[in-house]
Amino acid sequence: MQANNIKLRFLGSAQDAGVPQANCYCANCRRAHADHTFRHYAASLAIITDDSTWHMIDATPDFREQLYSMQKAYPEAGIMNSIILTHAHAGHYPGLLFLGKEGMSTSELPVYASERMSQLLAKDAPWSQLVGLKNIVTKTIYADKAQELGDVRFTPIEVPHRNEYSETFGFLIEGPSKKALYIPDIDSWEEWNHDIEEIAKTVDFVIVDATFYSKQEVAGVGRDISQIPHPPIIETMDRLQNVVDTVGTKVYLTHLNHSNPVLDPDSEEYQSVRTRGFFLAEEGLELEL
């Protein structure tokens with residue numbers, strides 16, 4: 001793979017608990033149980049810098065399957081060269097446990113994480129065992145401070161998102177030719193001290209939190225939106241529609257909750273997303289940087 005053919009590959013596109021979700025038998029989950037092609041892993045990206053070098057964004061509960069999917073697509077890849085963490089919620093770092101002595105028993109695998117996230121990994125069991133046995137080596141990253149991965153640069157951008165245990169980062173990912181903004185989790189666009197529309201104008205791809213289609217969807221599953229805030233797809237599309245139409249930035253919707261109607265390709269909601277020029281993240285889809 002040439003330097004001008006660096007890629008992002010979707011390893012997962014679902015909310016933390018995946019699709020199907022445990023103990024759920026909604027229409028989407030029943031369909032996913034019956035037909036594995038409708039299953040979705042927790043949101044994760046691979047940054048592929050050549051046929052044998054790649055980096056994983058977030059170590060999800062679906063880590064085993066996601067690692068296998070990469071190695072199947074790129075037989076020379078082996079294990080990732082590093083892991084980059086967004087934050088300390090259930091769908092974004094439990095996969096680190098597979099690196100321990102009960103599993104892969106890796107040696108000094110770099111894990112890029114925020115300051116609080118690095119402290120959590122170093123001090124709290126069972127993660128501290130990974131650090132103590134040098135299965136992983138944490139590399140603290142800071143908001144707005146760029147990091148180099150060969151011909152790729154990634155810059156953490158802090159976003160508001162229920163930061164009980166760590167900061168939450170999105171990432172600006174820059175390849176030789178194109179740029180992508182990756183924000184799988186955020187509470188709301190209004191609370192962010194950046195303008196998503198203005199940033200979207202400066203990048204080629206925007207990959208953003210699309211957990212719920214609408215606030216009504218959350219009420220329909222008996223959950224309080226104030227406890228699990230995410231910007232609904234409807235609001236995100238309204239906010240970015242002009243950028244999609246006039247600039248040509250491609251917007252991919254990820255981190256989809258099991259209840260989200262866009263998971264059904266026959267639904268009106270799915271058709272609305274596609275008609276308006278937006279895309280759904282799909283496992284195996286690649287974007288060239």
Working to the nearest 0.5 Å, report the span between CG of Asp187 and OG1 of Thr168. 8.0 Å
Is it possible for you to say whether Val203 and Ile183 belong to one hydrophobic cluster, with membership spreading through side-chain heavy-atom contacts below 4.5 Å? yes
Determine, using the 4.5 Å side-chain heavy-atom cutoff (strictly less than), whether Trp189 and Leu256 are members of one ILVMFWY cluster. yes
Counting C-beta onward and ignoring hydrogens, is there a side-chain heavy-atom pair between Asn5 and Glu288 closer than 4.5 Å? yes
According to ring-ring contact (aromatic ring centres under 6.0 Å, His included), who are the partners of Tyr182, at least two apart in sequence or on a separate chain? none
Can you name the closest pair of heavy atoms from Ala88 and Ser166 and give their distance? N-OG, 3.1 Å
Student check: side-chain heavy atoms of Pro184 and Asp209 closer than 4.5 Å: no
Within residues 267-283 or reaching into it, pairs that qualify as side chain to side chain donor-acceptor pair (under 3.5 Å) - sequence neighbours excluded: Ser13-Glu283, His40-Glu283, Asp238-Arg276, Gln241-Arg276
Modelled atom types, side-chain donor and acceptor of Thr49 and Trp54, under 3.5 Å: no
If you apply the rule side-chain contact (heavy atoms from CB on, under 4.5 Å), what do you find for His194 with Ile157, and how did you get there? CA-CA 9 Å; His194 294 276; Ile157 304 174; 3.9 Å; yes
Side-chain heavy atoms of Phe205 within contact of Lys179, under 4.5 Å: no
Who passes side-chain contact (heavy atoms from CB on, under 4.5 Å) against Ala143, sequence neighbours left out? Glu158, Phe169
Minimum-distance pair of heavy atoms, taken over all atoms of Ser44 and Ile57: OG-O, 2.9 Å
Considering only heavy atoms from C-beta outward, does the side chain of Trp192 approach that of Ile199 to under 4.5 Å? yes
Say you draw a straight line from OG1 of Thr155 to CZ of Phe171; how long is it, rounded to the nearest 0.5 Å? 9.5 Å
Assess the residue pair Lys123 and Ser128 against the criterion (side-chain contact (heavy atoms from CB on, under 4.5 Å)); give the C-alpha distance rounded to whole Å, side-chain angles, the decisive distance to 0.1 Å, and a yes or no. CA-CA 5 Å; Lys123 296 179 180 179; Ser128 56; 5.9 Å; no
Closest non-hydrogen atom pair between Leu130 and Gly100, with its separation: CD2-CA, 3.4 Å
If you round to the nearest 0.5 Å, how far is OG1 of Thr53 from CD1 of Ile48? 11.0 Å
Looking at CD of Glu65 and CE of Met70, how far apart are the two atoms once the value is rounded to the nearest 0.5 Å? 15.5 Å
Value rounded to 0.5 Å, distance of CG in Leu285 from CG in Leu11: 11.5 Å
Between the OH atom in Tyr142 and the CG atom in Asp144, the distance rounded to the nearest 0.5 Å is 13.5 Å
Listed by chain and number, what are the side-chain contact (heavy atoms from CB on, under 4.5 Å) partners of Ala17, not counting sequence neighbours? Gln15, Gln21
If every non-hydrogen atom of Asn260 is compared with every non-hydrogen atom of Asn28, which pair is closest and at what distance? O-ND2, 3.0 Å
side-chain contact (heavy atoms from CB on, under 4.5 Å) involving Gln129 - partner list, sequence neighbours excluded: Lys101, Glu102, Leu133
Angle class for the Phe98/Phe63 ring planes (parallel below 30°, perpendicular above 60°, tilted otherwise)? parallel
Report the residues that fulfil side-chain contact (heavy atoms from CB on, under 4.5 Å) with Asp35, sequence neighbours left out, ordered by chain and then residue number. Thr37, Phe38
Partner residues of Phe10 under the ring-ring contact (aromatic ring centres under 6.0 Å, His included) criterion, sequence neighbours left out: Tyr252
Within the structure provided, determine whether Cys26 and His258 are in side-chain contact (heavy-atom separation under 4.5 Å). yes
Work out which heavy atom in Ala200 is nearest to a heavy atom in Leu240; give both atom names and the distance. CB-CD2, 3.9 Å
Could you state whether Val243 and Ile207 fall into the same hydrophobic cluster, counting links through intermediate Ile, Leu, Val, Met, Phe, Trp or Tyr residues with side-chain heavy atoms under 4.5 angstrom apart? no
Quick one: do Ile83 and Leu96 satisfy side-chain contact (heavy atoms from CB on, under 4.5 Å)? Show the steps, please. CA-CA 9 Å; Ile83 294 174; Leu96 293 178; 3.9 Å; yes
Could you give the side-chain donor-acceptor pairs of residues 111-119 under 3.5 Å, partners two or more places apart or in another chain?
residue, atom, partner, partner atom, Å
Ser114, OG, Met117, N, 3.3
Ser114, OG, Glu167, OE1, 2.5
Arg116, NH1, Asn163, O, 3.3
Arg116, NH2, Asn163, O, 3.4
Arg116, NH2, Glu164, O, 3.1
Ser118, OG, Ala113, O, 3.3
Ser118, OG, Ser114, O, 2.9
Ser118, OG, Thr140, OG1, 3.3

With side-chain contact (heavy atoms from CB on, under 4.5 Å) as the test, would you mind laying out the steps for Ile47 and Ile84 before giving the verdict? CA-CA 10 Å; Ile47 302 173; Ile84 305 164; 4.2 Å; yes
For Glu190, give me all partners under salt bridge (charged side-chain N to carboxylate O under 4.0 Å, His left out), at least two apart in sequence or on another chain. Arg239
Report, as yes or no, whether the 6.0 Å neighbourhood of atom CZ on Phe279 holds more than 12 heavy atoms from other residues, nucleotides or ligands. yes
Flag yes if Phe278 and Ile196 sit in one hydrophobic cluster, no otherwise; membership is Ile, Leu, Val, Met, Phe, Trp, Tyr, and two members link when side-chain heavy atoms are under 4.5 Å apart. yes
Do Asn257 and His230 have side-chain atoms, one donor and one acceptor, less than 3.5 Å apart? no
Measuring only between side-chain heavy atoms, which start at C-beta, is Leu289 closer than 4.5 Å to Lys7? no
Side chain Glu286, main chain Leu8, donor-acceptor under 3.5 Å: no
Report the residues that fulfil salt bridge (charged side-chain N to carboxylate O under 4.0 Å, His left out) with Asp264, sequence neighbours left out, ordered by chain and then residue number. Arg31
Under the rule for ring-ring contact (aromatic ring centres under 6.0 Å, His included), what residues qualify as partners of His89, not counting sequence neighbours? His87, His161
Keeping to residues at least two apart or across chains, list the side chain to side chain donor-acceptor pair (under 3.5 Å) pairs with something in residues 195-205. Glu198-Lys201
Taking Tyr25's backbone N and O only, do any of them form a donor-acceptor pair with Arg30's side chain (distance below 3.5 Å, no angle check)? yes
So do the side chains of His255 and His92 get within less than 4.5 Å of each other, counting heavy atoms only? yes
Note: Val152 and Ile6 closest approach over all heavy atoms is CG2-CG2, 3.4 Å
Keeping Ser52 on the side-chain end and Glu76 on the backbone end, is there a donor-acceptor pair under 3.5 Å? no
Is there a donor in the side chain of Thr60 and an acceptor in the side chain of Asp58, or the other way round, less than 3.5 Å apart? no
Membership question, hydrophobic clusters at under 4.5 Å side-chain separation (ILVMFWY): are Val208 and Val247 in the same one? no
